[in-house]
Amino acid sequence: MSEPNLIVYRYICPYCTAGDMGPSTGRCLHCTGTGLTNDVRGIPADELVEAPVPPGVMRTPCPDCAFRPGSPELEDGGRCFPDDGPFWCHHGTARGYGDSNVPYGSWRPPGYTRDIPLGELLCAGWWAQQTGRALPTEPFRDTQRPREDPQMPTPLPHDPYITAVVDALTAAGLEPSTAETRDSEENRFDPDSGTELDALLVWDGDAAGLNTDLHEDGIVLLWEHPAEQWQWAPRKRHGELEHEPDFLPRLGRWSDPAAVVGVVRALLAGEPGPEGYAPYWHEADAVQRAVDAWAAAETTG
């Protein structure tokens with residue numbers, strides 16, 4: 001009985017179009033008609049086209065991705081990583097005995113020594129490693145660690161505002177399932193600066209006020225600096241987004257938390273949001289100065 005054979009294609013075949021070399025040849029002789037290949041010997045690097053990341057892979061590495069520097073898996077020498085099969089993201093799995101990650105469904109083909117999870121997404125860090133893409137460089141962060149843990153990182157300059165927003169949401173009965181502030185090395189708006197501040201508020205499929213007919217798996221609200229407006233997107237089953245976040249023109253960077261509550265309530269219900277531009281948060285000036293100081297230090301540092 002044959003053993004499992006792991007193949008992850010990195011490139012679009014440079015000799016054909018979707019596996020077809022044209023009328024005179026037909027099925028591509030290089031990739032056997034798959035349109036994908038790992039054999040690109042002799043092809044200039046600037047002519048290579050990477051194969052797209054398929055939908056079964058997480059969009060981005062999780063904050064506690066096993067392939068981030070400092071992760072328990074890497075600190076242990078990567079002994080838990082399979083050498084003959086894929087590595088799945090643990091987010092979205094059930095929790096079993098000893099805090100183990102248990103898939104909701106699995107399949108074990110004949111001759112295979114491990115169960116294959118069904119419905120789970122592959123780890124973005126593992127896919128990057130397999131396809132030669134850049135591995136995440138931002139350090140591992142334990143998302144299960146309580147916020148009051150004294151080992152938590154130094155408070156970030158936008159924490160007071162996000163805390164005020166979360167407090168207002170909680171008081172209105174719309175507390176996020178999770179809320180976190182971060183300083184990320186990946187600035188989507190100014191790649192040359194290399195850093196940004198952001199905050200991610202998540203409402204899962206059990207959130208109060210959620211219209212599950214429209215957003216079965218919840219929504220996310222995103223705050224990013226230096227973006228001028230809040231953003232949002234619906235979620236899919238495993239936490240990835242259905243599409244890139246959309247800007248919320250009503251909510252400026254420092255909109256009053258009460259206005260954020262009104263917009264979130266409408267997003268959860270799938271209803272039109274309040275009209276007009278949200279009022280400015282009265283404590284924003286001090287937080288903006290702290291953010292400016294942080295940005296200046298990051299630039300000069």
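Along the sequence shown, residues carry numbers from 1.
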Cluster check W88, I7: I/L/V/M/F/W/Y, side chain < 4.5 angstrom: no

Shortest non-hydrogen separation from C16 to M21 and the atoms involved: CB-CG, 4.0 Å

Plane angle bin for W254 and W223 - parallel if under 30°, tilted between 30 and 60°, otherwise perpendicular: tilted

Value rounded to 0.5 Å, distance of CD1 in I162 from OG1 in T181: 7.5 Å

Flag side-chain contact, heavy atom, 4.5 Å: P157 against L197: yes

Y280 with Y161, same ILVMFWY side-chain cluster at under 4.5 Å: yes

Contact check, side chains of H90 and C123, non-hydrogen atoms, under 4.5 Å: no

W126 versus L122, closest heavy-atom pair with distance: CZ3-CD1, 4.2 Å

Side chain to side chain, P103 and L118, heavy atoms closer than 4.5 Å: no

Close side-chain approach of S71 and D64, heavy atoms under 4.5 Å: no

Any P109 side-chain heavy atom under 4.5 Å of I116 side chain: yes

Donor-acceptor under 3.5 Å (R27 side chain, G19 main chain): no

Check: W232 and L201 side chains under 4.5 Å, non-hydrogen atoms: no

L121 reachable from V57 in the ILVMFWY side-chain graph, under 4.5 Å edges: no

Side-chain (H158) to main-chain (V287) donor-acceptor, under 3.5 angstrom: no

Gap separating the CZ atom of R10 from the CG atom of L48, nearest 0.5 angstrom: 8.0 Å

salt_bridge(R108, D115) N-O dist < 4.0 Å: yes

Mutual orientation of the aromatic rings belonging to F67 and F81 [parallel < 30°, tilted 30-60°, perpendicular > 60°]: parallel

Smallest separation among heavy atoms of A208 and L174, with atom names: O-CD2, 3.9 Å

Nearest-0.5 Å distance that lies between atom CG in N38 and atom CD in Q130: 10.0 Å

Validation row: P176, V166 side chains within 4.5 angstrom (heavy atoms): yes

Atom CD of E216: over 12 foreign heavy atoms under 6.0 Å: no

Donor-acceptor under 3.5 Å (D76 side chain, G78 main chain): no

W127 and M58: CA distance, side-chain angles, deciding distance, side-chain contact (heavy atoms from CB on, under 4.5 Å) verdict: CA-CA 9 Å; W127 191 267; M58 291 290 287; over 6 Å; no

Inter-residue atom distance D20.CG - C31.SG, 0.5 Å rounding: 9.5 Å

Donor-acceptor contact present, side-chain S255 to main-chain G252, <3.5 Å: yes

Common cluster, I12/V53, ILVMFWY with side-chain heavy-atom separation under 4.5 Å: no

Sidechain-backbone polar pair: R235 side chain, D217 backbone, donor-acceptor under 3.5 Å: yes

Flag side-chain contact, heavy atom, 4.5 Å: L221 against V165: no

Rounded distance (nearest 0.5 Å) linking atom CD of E180 with atom CG of D198: 8.0 Å

Spacing of L251 atom CG and D256 atom CG [to the nearest 0.5 Å]: 10.5 Å

In one Ile/Leu/Val/Met/Phe/Trp/Tyr side-chain cluster, 4.5 Å: I43, Y11: yes

Residue pair E228, R253: steps toward the salt bridge (Lys or Arg N to Asp or Glu O under 4.0 Å) verdict: CA-CA 5 Å; E228 294 292 339; R253 182 189 299 170; 3.1 Å; yes

Y277 side chain vs P249 backbone, donor-acceptor pair below 3.5 Å: no

Minimum heavy-atom distance between F140 and P72, given as atom pair plus value: CZ-CD, 3.5 Å

W203 and L169: CA distance, side-chain angles, deciding distance, side-chain contact (heavy atoms from CB on, under 4.5 Å) verdict: CA-CA 11 Å; W203 288 263; L169 289 163; 3.7 Å; yes

Contact summary for T37 and V40, nearest pair of heavy atoms: CG2-CG1, 4.1 Å

Least distance between heavy atoms, N211 atom then A269 atom: ND2-O, 3.3 Å

